[in-house]
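Since this is a predicted model, take the numbers as computed values, not measurements.
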Amino acid sequence: MTEPAPNDLPHRYSGAYANRLEEAWQARLEAEGAFRQPNPGEPGFDPSRPKFYCLDMFPYPSGAGLHVGHPEGYTATDIICRYKRMKGFNVLHPMGWDAFGLPAEQYAIATGVHPEVTTTKAIDTFRRQLKRFGFCYDWSRELATIDPGYYRWTQWIWLQAYGSWFDPALRKARPIAELEATLAREDRAIETAAGPRRWSACSRLERQAHLDRHRLAYLGEQTVNWCPKLGTVLANEEVIDGRSERGGHPVLRMPLKQWMFRITAYADRLLEDLALVDWPESTKTLQAEWIGRSEGAEVRFALDDGSGESLEVFTTRPDTIFGATYMVVAPEHPLVARAVARSGDPRLAAYVEAARNRADVDRQQSKEKTGCPTGLHAVNPATGGRIPIWTADYVLMGYGTGAIMAVPAHDERDFEFARAFDLPIVQVVEVPGTPFTGEQANSGEGTAVRSASAATGLSIDGLATAPAKAAVIAWLEARRLGARRTNYRLRDWLFSRQRYWGEPFPIVYDAEGLHHPVSASALPVALPPLADYSPIESDSPQPPLAKAADWARTTAGAAGVDPAVLPPDAPVVRETNTMPGWAGSCWYYLRYCSPRAIDRFVDAGAERYWMLSRRRSAGAGPAPDRFDPATCHAGGVDLYVGGAEHAVLHLLYARFWHKMLFDLGLVSTPEPMGRLFHQGMITSFAYQRRDKSLVAVDLVEERSDGTFVEKATGEAVTQIAAKMSKSLRNVVNPDDVIAEHGADTFRLYEMYMGPLEASKPWNTRDIVGVFRFLQRTWRLAIDERTGEPLGAATADPAIEKLLHRTIAKVGEDIERLAFNTAIAALIELVNAATRPTGMTDPTRGGMTRDQLERLARILWPFAPHVADEIAARLGATGGLHRAAWPSFDPAMLVEDEVEIPVQVQGKLRARIKVPAKASAAEIEAIALGDPQVVPHLGGRPPKKVIVVPGRMVNVVT
RNA sequence: GCCGGUGUGGCGGAACUGGCAGACGCGACGGAUUCAAAAUCCGUUGCCCCGGAAGGGGCGUGCAGGUUCGAUUCCUGUCACCGGCACCA
């Protein structure tokens, strides 16, 4: 009888075999509900175990299905979760769908198919694909942001913001009813259109207007890029030369009333609390820069036109005020409109008009300074001198007060402008080491000079920059000419979109145009279906929802407005803007704690259990029941993994919502995510010509010498890593890889490619390496002819020792998310124990069944299906999801004898074997006597010998 | 322009606190198996030089310096690539 070739053996671990056993295990574990994690109080919940909440950034389910980037982070968290489960944690590991968004809407516009239909289909595809990877998600907690049962609570949270204000004294959000009560009780004066007036003397409208100015969600006016033809508002980068990027239609810059979030109220806390979380430093820096806190002063410059009015500026360098030789206001500044009316200078009007129609991005493209005098003048309060006021688009209306005092000697932008328009430049700071030459601005710190005026009584000559700033601010404050002031780059968050496929706002407008909330009990405000999703062409912005006229025009009662607010038969118009894509992702991590809760956005007990935990450094103790900064983690989610592209917006917005909810007592922790990790991007190969232009993969061939040429021209091209894209035809489809090798191989390959945080190129050719590893592992444990388990009769002590080391190493590596080196260690172990093809004699090589079972357990987090199958065939019952992480004996990690290098003059000359516990003197004696070393010593006693026991010896001659 | 990150064999990468550079995988080369090929298995593989061989020597972590007995690791300067921000007063 002839032996069949290895590939033809019936139980060979082939791609097809892997697919069969993976699907069988997935079906079995799903039926069993193996990864369902009960909440406190539910049957099967074990309160003795610590909690671990591990979250992936949920995907936007696109019609194209999963790409290879998705499973990278998902595999990483899957490994951690399986490991933590084996280490005895209750693990919350959910998945869901960020399903509102533009692509589905654009598809609907093109085809008329309701976005819900396409989105639901895309979700089904994503779910099927993710399940095929065998990820250990608790699918019973699945959610989608488009579920009415979910967005009901998105709307509810928005209503909490609408019903709250930020109390600057307590630095936290409070219900607006408390503000109203205080105003009424103390009968405070409030600002009205007709000047300050006592609360009791105010009309209902005036009171309402005052409260509206304090809401965390408020109606604000913003200049937007409205494209009448496209019927939508465009982002700045979608506007080129005043026309839409798509289609080249004219774009108008116009003010639009929209819902805003007062995120700027939280600027300081969002900045400070970055110190409380374990996040990548780069991401913290990005957020800090985005918030852009800068300290300085607000200064009033009196106009000299006898009007008694003044111009306010913000400056971070009040110490340079003596050098302020002119002022600049943004073209949109109200003062400019007055100047235009007054001066009648056609050049000024033309400049302002031109600047107004240039989008911000355009403005920033050209750094050439342009501007125009306004004809107005102001008085420098420090010098008493008269200085001109210019308008120029290098000053932005949106930052500070939209006006600056220009100090050309000490600010590069002001310097360039002064040069261009021949304005005076006066040096007022002496910077050590860089004398002022008049050739460029000197923005460093130093000593104030020429900074004294008898006329105004201010003198800071000789002061260093910091005390000079303080002195000027004190002087300004004493004369009520200004004050210390902190400014932020961060703007309030524009939360309205003129789109269909988003959460409707729970807001209606009455006949007078006043807004009123829909009561919580009437939520959700469901998105009505439309016959036609295309945008409305109009000169005045109209969201698509306006087409649902029957829905939009209704009564207060039908809309669910509290009868105490409006009579039920009052006619109202619903808000037809919708929320942006960010809305649903701001709080999904909370909903996962109790996704089916119907009476609250999250069950309070479940939220407390999964989000609140003690710091390890605070020592042992009972699970906390409320947040204590001394002993608790600031952040709830123990590990959040996702792409760095969300480093600013998503993560900043989620932090803002969370802090608001924390202030209102609705969540337990001040931060949402305690630890954050960004996985790197998976790129793909592409080819580059000498002129740096890119060539698609299929137009290139590899030559036998390993170089690449373009097929059509024979021109040499170089291989580079690039983003996967349709045009480069280098997109890898995970389904294909799984069909060929199985999900275990796919998972292992992505984790083995390199460090999780690094961006790395997909190389299809390399996959076979980890596949062969699984094949070897399988062959080590299973007889490929019979499918029966193998097992050496006795344990090889060297293998046993290596197994202990590997258990220790893999555990450590998983903890630090170093999966590539963990897998390398597993490969080394299996290689050391491997039995060659056909060798099934249990007395030679291999591992005992007990050793194989431990190997299966440490392999399980990485390649769960094959590990489960091996363990089951070895006789384990129940599946490895019930197994514990194997223990190791620390004594087994210590070598009795170590090989250490001996260097002479820093050059390696020999390796010597010494007992691990040998003293420095013993090692030195062995090293100096070594025959390989002696010839290099030159016959003289060494000057110095450095011995690091267990490490190395270095001899200096 | 500013901020951040990364540069290690033909390729992906390893080296945890300044202590044997190149673990592990791919590829390549040689061999086994096969009628043959694919697949699989075994071995070799940083580069250069001397040697028939055993063996020996030199160079080497983008580049140039520095600190140190010793540097991929720390410091200074510099170059390249990637990412983010960009007139924020």
Using a 4.0 Å heavy-atom cut-off, does [X] contact any base of the nucleic acid, only the sugar-phosphate backbone, or nothing at all?
X        : value
A:Met753 : sugar-phosphate
A:Leu286 : sugar-phosphate
A:Ile827 : sugar-phosphate
A:Val768 : sugar-phosphate
A:Arg293 : nothing
A:Phe314 : sugar-phosphate
A:Arg489 : base
A:Glu812 : nothing
A:Asn831 : sugar-phosphate
A:Ser14  : nothing

> Mapping A:Arg816 and A:Arg951 onto RNA chain B by nearest heavy atom, which one lands closer to the 5' end?
Replying inline: A:Arg816
>> Using heavy-atom distances to pick each residue's nearest nucleotide on RNA chain B, tell me which of A:Lys809 and A:Tyr749 is more 5'.
In response: A:Tyr749
Which one, [options], comes nearest to the side chain of [X]?
X        : options             : value
A:Arg779 : B:C41, B:A89, B:A23 : B:C41
A:Glu289 : B:G4, B:A21, B:C3   : B:C3
A:Val956 : B:C41, B:G19, B:C69 : B:C69
A:Gln775 : B:A14, B:C24, B:U40 : B:U40
A:Gln903 : B:G19, B:C85, B:C87 : B:G19
A:Thr821 : B:G19, B:C41, B:A15 : B:A15
A:Ser294 : B:A86, B:C26, B:A89 : B:A89
A:Arg12  : B:G25, B:U40, B:G19 : B:U40
A:Pro755 : B:G13, B:G57, B:C69 : B:G13
A:Ala824 : B:G25, B:C69, B:C24 : B:C24

> If only side-chain N and O atoms of A:Asn487 are considered, is one of them under 4.0 Å from the OP1 or OP2 phosphate oxygen of B:A89?
Replying inline: no
> Counting only side-chain N and O atoms of A:Tyr399, is one of them less than 4.0 Å from OP1 or OP2 of B:A89?
Replying inline: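 Answer is yes, contact under 4.0 Å.
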>> Hydrogens and angles aside, do A:Asp411 and A:Ser443 bring a side-chain donor and acceptor to less than 3.5 Å of each other?
In response: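 There is no such pair between these side chains.
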> Would A:Thr391 and A:Tyr351 count as having a side-chain donor-acceptor pair, cut-off 3.5 Å?
Replying inline: no
> Partners of A:Trp762 by ring-ring contact (aromatic ring centres under 6.0 Å, His included), sequence neighbours excluded?
Replying inline: A:Phe746, A:Tyr749
>> Apply ring pair (Phe, Tyr, Trp, His ring centres under 6.0 Å) to residues A:Phe677 and A:Trp279 and explain how you reach the verdict.
In response: CA-CA 7 Å; A:Phe677 197 93; A:Trp279 284 20; over 10 Å; no
For [N], give the paired nucleotide (Watson-Crick: N1-N3 plus N6-O4 or O6-N4; G-U: N1-O2 and O6-N3; both under 3.5 Å), or none.
N     : result
B:A32 : B:U40
B:G27 : B:U45
B:A21 : none
B:G4  : B:C82
B:C74 : B:G66

[atom1]-based separation of [M] from [N] [nearest Å]:
N     : M     : atom1 : value
B:G52 : B:C63 : C1'   : 41 Å
B:A89 : B:U68 : P     : 43 Å
B:G25 : B:C41 : P     : 11 Å
B:U72 : B:G83 : P     : 30 Å
B:G9  : B:C26 : C1'   : 13 Å
B:A28 : B:G10 : C1'   : 8 Å
B:C42 : B:C35 : C1'   : 23 Å
B:A38 : B:C29 : P     : 12 Å

> Per the atom types in the model, does the base of B:C69 pair as donor or acceptor with the side chain of A:Asn954 at under 3.5 Å?
Replying inline: yes
>> What I want to check is whether an N or O donor and acceptor connect the side chain of A:Lys943 with the base of B:C69 at under 3.5 Å.
In response: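 Answer no: no donor N or O sits under 3.5 Å from an acceptor.
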>> Need the glycosidic conformation of B:G70: syn if within 90° of 0, anti if not. Which one?
In response: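 You should classify B:G70 as anti.
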> Just by modelled atom types, is the A:Tyr13 backbone N or O under 3.5 Å from a matching donor or acceptor in the A:Gln775 side chain?
Replying inline: yes
>> Would A:Lys369 pass as a cation-pi partner of A:Phe417, given that its NZ or CZ must be under 6.0 Å from the six-membered ring centre and within 45 degrees of the axis?
In response: no
> Below 6.0 angstrom between ring centroids: does that apply to A:Tyr752 and A:Phe819?
Replying inline: no
> Any side-chain heavy atom of A:Asn380 sitting closer than 4.5 Å to one from A:Phe301?
Replying inline: yes
